[in-house]
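Have a look at the structure below, then the notes.
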Number of protein chains: 2
Amino acid sequence: MIITRRRVLRDEQLFCVDEPFQTMYAVRFGHFKTFRVNLNGERQILGFPMTSDVLGLDAIGPARHASSVVALENSEVCAIPFTHFEQLSADLPSLQHHFYRVLGHAITRDQSAMLVMGKMRAEQKFAAFLVNLSTRYADRGYSPLRFRLRMSREEIGNYLGLTVESVSRLLLRFKQKGLLRIDHRGVNITDRAGMEALATGQTTAEPIASRVHKPPLVAADHQFK
Amino acid sequence: MIITRRRVLRDEQLFCVDEPFQTMYAVRFGHFKTFRVNLNGERQILGFPMTSDVLGLDAIGPARHASSVVALENSEVCAIPFTHFEQLSADLPSLQHHFYRVLGHAITRDQSAMLVMGKMRAEQKFAAFLVNLSTRYADRGYSPLRFRLRMSREEIGNYLGLTVESVSRLLLRFKQKGLLRIDHRGVNITDRAGMEALATGQTTAEPIASRVHKPPLVAADHQFK
DNA sequence: CGCCGACTTGACATTAATCAAATGTAGTGG
DNA sequence: CCACTACATTTGATTAATGTCAAGTCGGCG
């Protein structure tokens with residue numbers, strides 16, 4: 001099976017909705033956004049895949065890509081031809097089994113996203129979003145407390161179903177509550193527990209000024225690459 | 001491969017979250033709801049599977065069920081042992097291919113749901129929900145315009161992230177706009193086009209009283225089985 | 001007949017969107 | 001290197017949408 005690497009520059013499109021499906025992509029490094037365009041012409045961001053995530057799975061059913069993918073920064077992917085893969089997996093039970101698992105995870109992940117979008121209010125959604133990012137960085141061996149947002153406020157809002165203004169105000173509120181520090185796109189979570197409490201809705205009447213202990217602010221230029 | 005049938009009575013649980021995954025289920029007839037319980041103990045309904053939908057796919061990744069499934073009415077499913085299936089699919093490329101498609105569809109479906117939940121407002125969400133139901137009934141050979149809601153208002157609201165009260169008021173609004181008639185749980189869509197326009201957000205300033213032409217109200221007891 | 005749960009309706013409070021404007025930041029070309 | 005433009009972000013004032021609380025109605029069922 002021929003697996004090739006492909007560089008994708010910032011703002012470059014990896015694949016586009018309705019394009020015939022031939023290739024899956026595993027992210028080697030970098031960040032992406034996946035989105036769809038609804039009938040009204042508006043974009044809806046569906047997720048922010050990063051290193052080790054697999055792209056293009058939603059095309060397996062309809063044989064055409066159901067979403068578009070654009071790089072948020074200069075990135076690199078492995079291109080895996082699907083037909084080759086499918087043949088090979090028939091001979092390699094362990095590969096097939098593993099692939100089923102990947103697909104299964106894709107489903108569970110989407111369902112979790114629905115949970116977030118559906119019931120939660122703005123503050124909760126955003127907190128859940130940050131906790132999710134934090135967890136994913138931890139899974140990948142990066143700091144769960146200090147990371148850089150690769151997406152704009154607008155993209156966050158679009159993803160969460162909020163306006164840019166709301167996103168901005170929520171960041172301010174989190175800062176005031178002593179949950180995080182933020183400089184441009186550099187995030188420093190100072191109260192992970194409080195953040196999770198918010199995300200899970202266990203927010204009981206808010207003890208106003210507590211847990212302030214001020215770790216140093218993140219340098220503006222920190223990167224993960 | 002041993003495929004068995006299983007009856008599931010109204011309110012009976014087909015499987016439960018965290019249960020080890022062994023079996024997939026294809027719905028033969030009937031309606032179900034799938035849901036999760038968040039950390040706060042609240043239920044979030046993830047979908048309303050019906051005839052020919054496949055249940056339990058979200059367990060393939062983690063090998064444990066990620067959601068619970070309960071029947072909304074007396075129903076029947078085919079139980080398909082997953083390990084048997086996995087072995088068999090290795091020998092039958094067409095089966096494997098088909099299964100990939102089913103999984104792919106599950107992913108796209110979930111993403112569509114996210115689109116609905118994320119950006120839309122209450123009216124739009126609910127319209128999209130009804131249009132979706134309508135389409136699914138059409139796909140299955142039933143009337144897309146007259147059908148019975150198997151779920152309570154509360155369950156609809158839970159699924160869409162709205163309160164029961166909002167659901168109730170929205171139904172009233174739809175009635176007043178001449179989009180549908182409703183008697184208890186019997187729905188009669190009288191303006192499918194208008195409904196779709198609402199769902200897709202192409203609602204331009206609402207011409208107030210038009211398209212009223214009053215088709216006969218649905219009998220209260222219509223069923224699809 | 002009367003209870004109970006599902007649903008509707010109304011008044012009010014709260015949330016988040018909208019509109020509008022100011023401020024900051026990153027590039028770009030001189 | 002700096003001025004300048006375009007864009008991203010913040011902030012403020014206001015409005016519309018939706019949740020919350022509280023009755024009340026409807027229908028099914030024992």
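All chains are named by letter (A, B, ...) in the order of the sequence lines, taking the proteins before the strands, and each is independently numbered beginning at 1. This is a predicted model, so every value here is computed, not measured.
- Within the 6.0 Å centre-distance limit, the rings of Phe48(B) and Tyr159(B) are counted as a close aromatic pair.
- For Arg169(A) against dT18(C), a side-chain-to-base donor-acceptor contact under 3.5 Å is present.
- With hydrogens and angles disregarded, a donor-acceptor distance shorter than 3.5 Å links the side chain of Arg36(A) to the backbone of Ala66(A).
- For dT20(D), the OP1/OP2 oxygens have a side-chain nitrogen or oxygen of Arg121(A) closer than 4.0 Å.
- When each of dA17(C), dC7(C), dT18(D) is scored by its nearest atom to the side-chain atoms of Leu162(A), the top-ranked nucleotide is dA17(C).
- Judged purely by atom type and a 3.5 angstrom limit, Gln111(A) has no side-chain atom pairing as donor or acceptor with the backbone of Thr108(A).
- An end-to-end axis angle of 30° holds for the helix from dC1(C)-dG30(D) to dG30(C)-dC1(D), taken from five base pairs per end and rounded to 10°.
- Among the atoms of the strands shown, only primed sugar atoms or phosphate atoms (P, OP1, OP2) are found under 4.0 Å from some heavy atom of Gly161(B).
- One N or O donor and one acceptor, one from the side chain of Glu165(B) and one from the base of dC21(D), sit under 3.5 Å apart.
- Phe35(A) pairs by the ring-ring contact (aromatic ring centres under 6.0 Å, His included) definition with nothing, not counting sequence neighbours.
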Less than 3.5 Å apart, which donor and acceptor atoms pair up between the side chains of residues 160-174 of chain B and the rest of the protein, not counting sequence neighbours?
| residue | atom | partner | partner atom | Å |
| --- | --- | --- | --- | --- |
| Thr163(B) | OG1 | Ser166(B) | N | 3.2 |
| Thr163(B) | OG1 | Ser166(B) | OG | 3.1 |
| Arg173(B) | NH1 | Glu123(B) | OE2 | 3.1 |

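- Proximity note for Thr163(B) (side chain, C-beta onward) versus dA26(C), dT9(C), dT20(D): the nearest is dT20(D).
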